[in-house]
Amino acid sequence: MIHVTLPQLCAYLDGELAEASAELVRRHLSECLECTERFARLEAQDEILIRILADDPEEEFFRYLSASIPLGQPTSAERPAPAAREKPVPSHAGHRTEDQRRNRPSPRAAWIAVAICCIVAGSAAWVAFRPKEAEPVAKPTAAEPQNAAPETTPRVEMEPPPEQPPDPLAEQQHDPTEAPTQEMASASEPETAPEATSAPTPDVAAVSATPDEATKQPKPERLVERATQNVVPVRTVITETIVESEAQHAAPVPAAPPAPRPSTAPDPVALALRDAKSASLEAARSKLPASFDKSAEAWERALPLLENAPEALAGGRRELAQSRFQAWAAEPTPARREAAIASARRYLLYAPPGPDRDQAWTWLGRLKH
Amino acid sequence: MSPSEPRFIWLEESEEKGLVRSALQGNRQAFLALADHYLKPVYRLAYSLTRDRDAAAGIAREAFGRAWFGLQGMPEGKRFFPWVLHLARNLSVAHARRHAGEALAIADVAADASAEERADVAVEQATREALRALRPDEQTALALRIVERLPHEQIGALLDQPTVIALARLSSARGYLLQRVNSAIEKSEGVA
C-alpha cells in the first residue's frame with residue numbers, strides 16, 4: 001500500500017488540498033490505520049502547539065503597547081496625538097511607558113527632596129525641644145542682672161505649674177482689670193505698638209522682675225483673655241501659651257473613651273490576602289530580595305486559607321512562584337533556588353494552559369540552568 | 001470568525017500605500033494607524049517565537065520603532081506588514097539566540113501527580129524543547145499557520161518564498177516535532 005506523505009497529510013490538515021486530492025487522502029485514511037494514527041497525532045500536536053505558541057492579551061495591553069512605541073519627540077507641525085495615546089496605561093507586563101520613564105524623578109532630585117525633608121524635620125525637632133535645651137542658659141548667674149527679661153522669661157516658661165504655689169501679691173500685681181486696660185490703651189496708639197513688641201511691657205517685667213516673682217504662675221484664664229484681646233506683645237503671648245500648655249501636660253488628663261470596635265471580627269482570609277498583596281506590591285516597588293522573600297512568605301501564609309476559593313488559590317500559587325523566582329533572580333542563593341523550584345513545580349502542577357503557565361516554565365528553566 | 005479563517009485582515013493595498021507615503025513625510029498619526037492595525041499579529045509572532053510575553057512586547061515595540069525610523073529603507077513596492085514582520089522575526093531570533101543557554105529544565109512534577117498529569121507535562125516539555133531546535137523559517141511558518149491560521153500561500157508571501165516552500169517548512173517542522181515528542185514519550189514510558 002502506498003501511504004500518504006507527510007506534506008500531503010499537512011496540506012490535508014490545513015485544508016490546502018484541492019477537492020480531488022482531498023478525496024484521495026480521505027479514502028486512504030479510511031483504509032490505512034497507520035496513516036490515520038499519524039494524522040490523529042498531527043491533529044493532537046496542533047492543539048498542544050496552540051497552547052504553547054498562542055497568547056492573546058486583552059485590548060488594554062495592546063493600547064499600552066501601541067502608546068509605548070518609541071517614535072521620538074513630536075514636531076510642532078504634527079497634529080497632536082489622541083488623548084488615549086498620551087495617557088499612560090497601567091502596565092500589563094511590567095513595562096513602563098515612555099511617559100512614565102520621563103516623569104520618573106532623577107536620583108539627584110530624590111536626594112534633594114530627602115535633604116529638604118531632613119532639614120524640615122530637624123527644624124521641627126529643634127523647635128519642639130528648644131525649651132528644654134535652653135533651660136541651663138536661662139538660669140540666672142551672679143553676673144547677670146536679675147531683671148533681664150530675655151533670660152528670666154524662659155525660666156518662667158520652664159517652671160512646672162504644680163510646683164508653683166499661688167501668690168496673692170502676684171495676683172494683685174497682675175490685676176486682670178488693669179493690665180488689659182493699659183495694654184488696650186497702648187495698642188490704640190500706633191506709635192507705641194513697636195515699643196511694646198521690642199521691649200518688655202510693665203506687665204511682663206512684673207512677672208519676670210525677680211526670681212520669686214518669676215515663679216508666679218499666671219492663671220490660664222487671664223492669659224486666654226489677653227490673647228483674645230490681641231494687645232499683648234508677641235513674646236508674652238508665646239511665653240504664656242507655653243505655660244498653659246505645660247499646665248495641661250501636668251494636669252491629669254481624663255482618658256479618652258475607647259474607640260468603638262466593629263461588632264464583627266475581620267475575615268482572616270481577606271486579611272491574609274490583603275497582607276500578601278501589599279507585600280507583593282512592596283516587593284515590586286522596592287525590588288529587593290528581602291522584600292520578595294517577605295512577599296513569598298505572606299503568600300505561603302495565605303494559601304492554606306484559600307482552599308475554598310479556587311481562583312484565588314491559583315493566583316496565590318502563581319504569586320508565590322513569582323515572588324520566589326524574583327527573590328532568587330535578585331540575589332541567587334541555593335536556598336532561594338530550591339524554594340523557587342518547589343513553588344514553580346507546585347504552580348505548574350495545577351496551572352491551566354496559557355501565558356502564565358509558559359512564564360512559569362521559563363522560570364523553571366532559568367532556575368534549573 | 002471561524003477557526004479556519006485568518007486572525008488578521010490585511011489593509012487595502014491602496015490605503016496602506018497612502019499611509020506609508022504619509023508616514024514617510026513625517027506624519028506620526030499615519031504610522032500609528034499602520035502600527036495599530038498590525039501590532040497584534042506582530043506581537044503574536046514575537047510571542048510564538050520567544051514564548052515570553054515581556055520579550056514579545058519589547059520586540060513588537062522595537063520592531064515598530066525601527067520601522068518608523070527606517071521607513072525610508074523599506075523596499076520599493078513591498079507591503080508594510082511583511083517588512084515589519086521580518087523585523088520582528090529577526091529580533092525574535094536574536095532574542096532566542098541570546099537566551100539559548102537558558103535551556104528548559106527537565107520538568108519533574110510533584111510526587112502526588114497522576115499518571116495523566118505526568119504524561120501531559122512530559123509531552124508539553126518535549127514539544128517546547130523540540131520547538132527550540134527548529135530553524136527560524138520553520139518556527140515562523142508554524143507560528144503563522146498555527147496562531148494566525150494563514151493559508152500556505154500567504155505564509156509563503158510573508159516568508160518571501162514560494163507556496164510549496166512554505167508547505168515544506170510546515171511539514172518538516174511538524175514531522176520533527178512529532179518525532180521528538182514520540183521519542184520522549186517512549187523514553188518516559190520505558191523509564192516508568
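Within every chain, numbering begins at 1; the chains are lettered A, B, ... in the order of the sequence lines, protein sequences first and strands thereafter.
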*Asks:* Between B:Gly175 and A:Leu6, which heavy-atom pair has the shortest distance, and what is it?
*Replies:*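 So the two residues come closest at CA-CD2, 3.4 Å.
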*Asks:* With heavy-atom distances below 4.5 Å as the criterion, would you say the side chains of B:Val147 and A:Ile50 are in contact?
*Replies:*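 The answer is no, as the side chains (C-beta and beyond) never meet within the 4.5 Å cut-off.
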*Asks:* Give the member of A:Gln8, A:Glu16, A:Arg41 that has the highest number of heavy-atom pairs under 4.5 Å with chain B.
*Replies:*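 If we count pairs closer than 4.5 Å to chain B, A:Glu16 comes out on top.
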*Asks:* Would you check if A:Pro70 and B:Trp68 make a side-chain contact, meaning some heavy-atom pair closer than 4.5 Å?
*Replies:*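 No. Closest side-chain heavy atoms not under 4.5 Å.
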*Asks:* With a 4.5 Å limit on heavy-atom distance, are the side chains of B:Tyr43 and A:Leu65 in contact?
*Replies:*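 Yes, side chains in contact.
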*Asks:* As an exercise: rank B:Ala63, B:Ala56, B:Ala60, B:Pro151 by heavy-atom pairs under 4.5 Å with chain A and give me the winner.
*Replies:*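 If we count pairs closer than 4.5 Å to chain A, B:Pro151 comes out on top.
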*Asks:* What part of B:Phe64 gets closer than 4.5 Å to chain A, counting heavy atoms only: side chain, backbone, both or neither?
*Replies:*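 For B:Phe64, backbone and side chain are both near chain A.
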*Asks:* For a quick test of reading the model, state the closest non-hydrogen atom pair linking B:Ala35 to A:Ile69 and the distance between them.
*Replies:*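 Smallest interatomic distance, heavy atoms only, reads CB-CD1, 3.9 Å.
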*Asks:* Measure the CG-CZ distance between B:Leu39 and A:Arg63 for me, rounded to the nearest 0.5 Å.
*Replies:*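 Rounded to the nearest 0.5 Å, the CG-CZ separation comes to 12.0 Å.
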*Asks:* For the atom pair OG1 (B:Thr127) and CD1 (A:Ile48), what is the distance rounded to the nearest 0.5 Å?
*Replies:*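 B:Thr127 atom OG1 to A:Ile48 atom CD1 measures 4.5 Å (nearest 0.5 Å).
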*Asks:* Does atom NZ of B:Lys17 have more than 12 heavy-atom neighbours, drawn from other residues, nucleotides or ligands, at distances under 6.0 Å?
*Replies:*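 It does not: B:Lys17 NZ has 12 such atoms or fewer within range.
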*Asks:* Could you tell me whether B:Arg53 and A:Asp55 have a side-chain N and a carboxylate O separated by less than 4.0 Å?
*Replies:*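 Counted as a salt bridge, because a side-chain N and a carboxylate O are separated by less than 4.0 Å.
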*Asks:* Against chain B, work out which of A:Gly15, A:Ala54, A:Ala344 has the most heavy-atom pairs shorter than 4.5 Å and name it.
*Replies:*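 Sorted descending by pairs with chain B, the first entry is A:Ala54.
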*Asks:* Got more than 12 heavy atoms from elsewhere within 6.0 Å of NE2, B:His37?
*Replies:*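 Yes, the 6.0 Å shell around NE2 holds more than 12 heavy atoms from other groups.
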*Asks:* Could you give the distance from CG (B:Leu177) to CD (A:Gln45), rounded to the nearest 0.5 Å?
*Replies:*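 If we round to the nearest 0.5 Å, B:Leu177:CG and A:Gln45:CD are 4.5 Å apart.
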*Asks:* How many angstroms lie between atom CG of A:Leu49 and atom CZ of B:Arg145, to the nearest 0.5 angstrom?
*Replies:*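 Here the rounded value is 12.0 Å.
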*Asks:* Are the charged groups of A:Asp46 and B:Arg174 less than 4.0 angstrom apart, N to O?
*Replies:*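 So A:Asp46 pairs with B:Arg174 through a salt bridge.
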*Asks:* Which pair of heavy atoms, one from A:Ser66 and one from B:Asp36, lies closest together, and at what distance?
*Replies:*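 The answer is OG-OD1, 2.6 Å.
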*Asks:* Is it true that, when you exclude A:Arg26 itself, more than 12 heavy atoms of the residues, nucleotides or ligands shown sit nearer than 6.0 Å to its CZ?
*Replies:*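 Above 12, so yes.
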*Asks:* Measure the CG-CD distance between A:Leu71 and B:Gln29 for me, rounded to the nearest 0.5 Å.
*Replies:*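 Taking CG in A:Leu71 and CD in B:Gln29, the distance rounds to 9.5 Å.
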*Asks:* Less than 4.5 Å to any heavy atom of chain A: does that hold for the side chain of B:Leu178, its backbone, both, or neither?
*Replies:*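 For B:Leu178, the contact with chain A is made by backbone and side chain together.
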*Asks:* Identify the two heavy atoms, one from A:Cys10 and one from B:Leu167, that lie closest to each other, and give their separation to 0.1 Å.
*Replies:*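 Residues A:Cys10 and B:Leu167, closest heavy atoms: CB-CD1, 4.4 Å.
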*Asks:* Look at B:Val181, B:Asn182, B:Leu45, B:Thr163 and state which one has the largest set of heavy-atom pairs under 4.5 Å with chain A.
*Replies:*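 Result: the option with the highest number of such pairs is B:Asn182.
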*Asks:* Would you say CD of B:Glu153 has more than 12 non-hydrogen atoms from neighbouring residues, nucleotides or ligands within 6.0 angstrom?
*Replies:*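 Not more than 12 within 6.0 Å, no.
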*Asks:* With a 4.5 angstrom heavy-atom cut-off, is it the side chain or the backbone of B:Leu131 that approaches chain A, or both, or neither?
*Replies:*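 Just the side chain, heavy atoms under 4.5 Å.
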*Asks:* Between A:Ile52 and chain B, which part of the residue has a heavy atom less than 4.5 Å away: side chain, backbone, both or neither?
*Replies:*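 Both parts, backbone and side chain.
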*Asks:* So B:Lys40 and A:Phe61, do their side chains get closer than 4.5 Å, heavy atoms only?
*Replies:*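 In short, these two side chains do not touch, never coming nearer than 4.5 Å.
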*Asks:* Identify which part of A:Glu59 has an atom lying under 4.5 Å from any heavy atom of chain B, answering side chain, backbone, both or neither.
*Replies:*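 Contact with chain B involves the side chain of A:Glu59 alone.
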*Asks:* Would you find more than 12 non-hydrogen atoms of other residues, nucleotides or ligands less than 6.0 Å from B:Glu12 atom CD?
*Replies:*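 Counting neighbours around CD of B:Glu12, 12 or fewer heavy atoms of other residues, nucleotides or ligands fall under 6.0 Å, so no.
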*Asks:* Against chain B, work out which of A:Asp56, A:Asp14, A:Thr5, A:Leu9 has the most heavy-atom pairs shorter than 4.5 Å and name it.
*Replies:*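 Counting heavy-atom pairs under 4.5 Å, the top option is A:Asp14.
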